[in-house]
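Written below as structure tokens is the structure these notes are about.
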Amino acid sequence: MRSHKTIWKSGGLQIGALLIFVLIVQLFVWLTKASPGQGELVFWGIMFSIVPALLWLSFFYQRDRLEPEPKHYVLGVFALGAFLTYAIGIPLVRHVFRVSEWLYLTPWGYILGSILVVGVIHQSIAYATVRYTVYPTREFDERIDGIVYGTAAGLGIATMLNIAYVIELGGALLVIAAIYCVINALAYASFGGIMGYFFSVAKFGKRAGQGQFIWGVAIAAVLNGLFFWLQRLLVFQSTRYEPWYGLIAGIVVVVIIYGILEALMRSSVALEEAGKRTSAENGGE
Amino acid sequence: MASKHKPLDLFVIAFILVCLLIGWILKEGIEARTVGFTDTNANISLEYPARWLPKPDPGSLLLVFDPQSRSFFNDRISLQVARWFAQEGMDEFIEHLQTQRGSDYQLYHTISVGPLEIDSLETTRMDYVYAILSPGMDIPNVVRAIDIIFPKGDQVYILTLSADESEFDGNLPEFDAVVSSIRSN
């Protein structure tokens, strides 16, 4: 595993690359005064969703250097996360629970609904995507694998949410769409990573079992819901439309969540190494 | 390793379903919330869904609109008051109102007029339709509307639902609830 300094340097580069991506979109809109049609919207939606997703996915994939996962597995989990979001997640949130019609009406309902509906639905998709595909396979053989696959699932979810969002905006606010996509990609990657950590604990830890899955879904859903609530509170509920507040809040939240994830990874690796040392000493006696 | 877990992770699925069930109960509870309105002059009160947002309108005692309307015409419920002349019968008032609506709206057409009793209050229900050209649009919106008309003292109250034709049916249950909530002392 690479040194912490290198990891944070790499992470900083990824965030820098994402900010550069937003600035390029801003420059493009500025120069061209672009007003895209429906076909171009789909193109931009895919571009805005794929670019941040790939940047973030590559960052986490690089963390798994000892025994990298097969790329087609990682991409498969990513694609399945996106498909399930399109087929189940978006219809459930928009058409069954119709969150846009009631979520914002009360402050407590806003927070609870964001967690219990939006967070739980999205993170259940991340859970099912990893649990019933790669988790039972032999490729899932390291603690870091849970985070890699969880991140891939999270990015798949974010990608489909981003495409839907760009198309829904109707091409009016391309820069804002780019910001939204960057935030979502960072955030959902982190939620997926947190959940993935619990998958690793369930498979390799001493306290294995369904309880770890429940903790994974619950914590990721709470973080997802709080992020959803905070982002919309700052961007859409202010007296003016302030997307940069959402970007700043998104980065702050994601940095905090990633910090937690990093700490969990380090402690779990340390525990594993300590366990191996103990068993080696016991075996040697 | 996979044998550590039940194949379907029933506890996890149960956990997710319980969360969604609580979320659904939350949704139903919030959607059922209403906001009360009282006209102290005539002691008439009603309740409208909390999700409909009030908008100041000098011509109305109350004007609330549906923020979720996808139409260029904002679906709305309004309560207006008009002068009631004692010598004027309700039929005459309705005719006068139809003439007024006909001059205010393009392609105005009355669909039906009939009596309706609410909380021992004799009212008249009038269904009608008209067209409205929204700014920047080449094709007019077709608007369907219902007036609930009832006299009180020397005034006539007109509770109106106006909605884009495509969203009208979806708004009816909420409007029916508003109509049912009318109380007159």
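Within every chain, numbering begins at 1; the chains are lettered A, B, ... in the order of the sequence lines, protein sequences first and strands thereafter.
- Top candidate by heavy-atom pairs under 4.5 Å with chain B, chosen from A/Gly119, A/Ser124, A/Ala128, is A/Ser124.
- Classification of the A/Phe140-A/Phe199 ring pair by plane angle, with boundaries at 30° and 60°, yields tilted.
- Of the atoms belonging to A/Ala218, heavy atoms from both backbone and side chain fall under 4.5 Å from chain B.
- Around atom CZ of A/Phe83, no more than 12 heavy atoms belonging to other residues, nucleotides or ligands sit under 6.0 Å away.
- Heavy atoms closer than 4.5 Å to chain B are found nowhere in A/Val99, neither backbone nor side chain.
- Interface remark: B/Pro49 contributes no atoms to any contact with chain A (heavy atom separation under 4.5 Å).
- Within the 4.5 Å cutoff, the side chain of B/Asp66 has no heavy atoms near those of the B/Arg76 side chain.
- The aromatic rings of B/Phe73 and B/Tyr130 lie perpendicular to each other, with more than 60° between the two planes, well past the 30° mark.
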